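Structure first, then comments.
Every chain is numbered from 1, with letters handed out A, B, ... down the list of sequences. Here the structure is a predicted model, which is why all the values come from computation and not from measurement. Every heavy atom of this structure was used, including side-chain atoms; hydrogens, water molecules and symmetry mates were not.
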Protein chains: 2
Amino acid sequence: MKHKSNKSSICPVARSLDVIGEWWSLLIVRDAMLGVKRFSEFERRLGMAKNILTSRLKLLVEAGVLQLVPASDGSAYNEYELTQKGKDLLPTMVALRQWGEKYMFGNGDDHSELHDKKQHKPLAPLIVRSADGRKVGVEDLELVSSNATS
Amino acid sequence: MKHKSNKSSICPVARSLDVIGEWWSLLIVRDAMLGVKRFSEFERRLGMAKNILTSRLKLLVEAGVLQLVPASDGSAYNEYELTQKGKDLLPTMVALRQWGEKYMFGNGDDHSELHDKKQHKPLAPLIVRSADGRKVGVEDLELVSSNATS
DNA sequence: CCGTATCCATTCCGATACTG
DNA sequence: CAGTATCGGAATGGATACGG
C-alpha cells in the first residue's frame with residue numbers, strides 16, 4: 001500500500017483500502033475488536049516492531065478508526081479503542097475470516113474461531129442480498145457510476 | 001504485505017490477508033467480478049505498471065483465486081477468470097465497499113455503486129448474525145482458539 | 001510501560017524498453 | 001496485444017537503542 005489510490009477514485013473499495021489495506025492495519029483492528037487496547041498488548045500479540053506499530057496506530061487514529069482514550073487503570077498512558085467507524089468494520093472482518101476458514105486451512109490444521117457470546121457458536125455465514133432480500137452472486141451484479149471507471 | 005504471516009498463524013484473517021492483503025490484489029478481483037478478463041483491460045482500468053500486474057495476476061492464479069483460460073475470441077492469449085474461491089470473495093468485497101461508501105465520501109463527491117441487475121438498486125447492507133439469526137456487534141463476540149493467539 | 005528515533009535490508013512500484 | 005527484463009527511487013519492516 002504505497003501509492004494510495006488517487007484521491008479522486010470514485011470506487012469505495014479503493015478508498016477503503018487506503019485506510020485498512022495494509023498488512024498490519026486490519027490485524028490491529030481485529031485485535032481491537034477483541035478488546036485489546038494497550039500498546040504493549042498489540043505488540044505482544046502481533047509480534048511486530050514497535051516503530052511500525054506506532055506508525056500504524058497513528059494512521060488508524062488519524063483515519064478515525066481508533067481513538068485515544070486515557071488509560072482506564074489510571075496510568076499515564078493511552079488506550080486505543082474502536083470508534084463507531086472502526087466497529088463498522090466488523091462485516092469486513094467476518095467476511096475475510098469466513099473466507100479464510102473455508103479456503104486457507106486443510107483438515108489438519110485448526111484455526112481460531114469467532115463465536116457469539118450467547119450461544120458460544122460460530123456466526124452465520126454472511127450472505128450478500130439484494131435490496132429486496134434475494135441472494136445475489138457475482139453474476140447478478142452491475143456497476144453504476146456517474147463516470148466510467150470502477 | 002511484505003512478510004506474509006507466519007505460515008502457522010491460526011487466524012483465518014491473517015491467512016486471507018496473505019493472499020488478498022495487498023493493494024492491487026483486491027482491486028484486480030474487484031474488476032474480475034465485473035467481467036474483466038484481459039490483461040490489457042486490467043492494465044487500462046487500474047492504471048498500473050505491467051510488470052506488477054503480471055506479478056499480481058500470477059500470485060492470484062497460484063493462490064487459486066483466478067484461473068487461466070484460453071481466450072474466448074480465439075486469440076492466442078489468456079484470459080483470467082474467477083474461480084469459485086475467487087467468487088467467494090464477494091462478501092468481503094461488498095463489506096469493504098459498503099464501509100467505504102459510508103465513511104469515505106463527503107456529500108460532494110459521488111462514487112460508483114454496485115447494483116443488482118434485476119432491480120437496478122444497491123444491495124442490502126451486510127449484517128453479521130449469530131447462528132440463530134440474531135444481529136451481533138463487536139461486543140457480542142468471543143474468540144475461541146485451541147491455543148491462545150488470535 | 002509507552003513510545004520515539006535511527007539504521008539497514010528488503011520489497012514494492014513506476015517507467016521504460018524489449019520480445020513474439 | 002500480452003507479457004518479460006531491467007532500473008532506480010521510495011516506502012516498508014525489523015532490530016535495536018534511547019527517553020519520558
| request: Mark yes or no for whether Q98(B), through its side chain, and T92(A), through its backbone, hold a donor-acceptor pair below 3.5 Å. | output: no
| field | Test: E142(A) and K117(B) ion pair at under 4.0 Å | value | no
| So what does T54(B) touch, heavy atoms closer than 4.0 Å: a base, only the sugar-phosphate, or nothing? | base
| task | Check whether the side chain of N51(A) and the base of dG14(D) form a donor-acceptor pair under 3.5 Å. | result | yes
| Is the backbone of V69(B) close enough, under 3.5 Å, to the side chain of K37(B) for a donor and an acceptor to pair up by distance? | no
| said: So, does W23(B) get its side chain near the phosphate of dA11(D), meaning an N or O under 4.0 Å from OP1 or OP2? | reply: no
| task | For F42(A) and dC1(C), give me the distance from atom CZ to atom P, rounded to whole Å. | result | 15 Å
| request: Determine the minimum heavy-atom distance between I10(A) and P12(A), stating which atoms define it. | output: O-CD, 3.2 Å
| query | Roughly how many Å is it from CG in L53(B) to P in dT16(C), rounded to a whole number? | reply | 17 Å
| field | Integer-rounded Å distance: dC18(C) P and K50(B) NZ | value | 13 Å
| query | Between dG3(C), dT4(D), dC1(D), which one does the side chain of R38(B) approach most closely? | reply | dC1(D)
| Listed nucleotide nearest any side-chain atom of S40(B), set dG14(D), dA15(C), dC1(D) | dC1(D)
| query | Separation of R44(A) atom CZ from dC2(C) atom P, in whole Å? | reply | 11 Å
| field | Y80(A) OH - dC2(C) C1' separation (whole Å) | value | 8 Å
| field | Toward the 5' end of DNA chain C, by each residue's nearest nucleotide, Y77(B) or L68(A) | value | L68(A)
| message | What's the closest nucleotide to the side chain of A49(A) if the choices are dG14(D), dT4(D), dG13(D)? | response | dG14(D)
| Roughly how many Å is it from CD1 in I28(A) to P in dG13(D), rounded to a whole number? | 10 Å
| message | What's the closest nucleotide to the side chain of R56(B) if the choices are dG3(D), dT4(C), dC12(C)? | response | dC12(C)
| said: What is the distance, to the nearest angstrom, from the CD atom on E41(B) to the P atom on dC1(D)? | reply: 11 Å
| said: Would the distance check show the side chain of T83(A) and the main-chain N or O of V65(A) forming a donor-acceptor pair, the cut-off being under 3.5 Å? | reply: yes
| request: Could you state the atom-to-atom distance from CD1 of I52(B) to P of dG9(D) in whole Å? | output: 19 Å
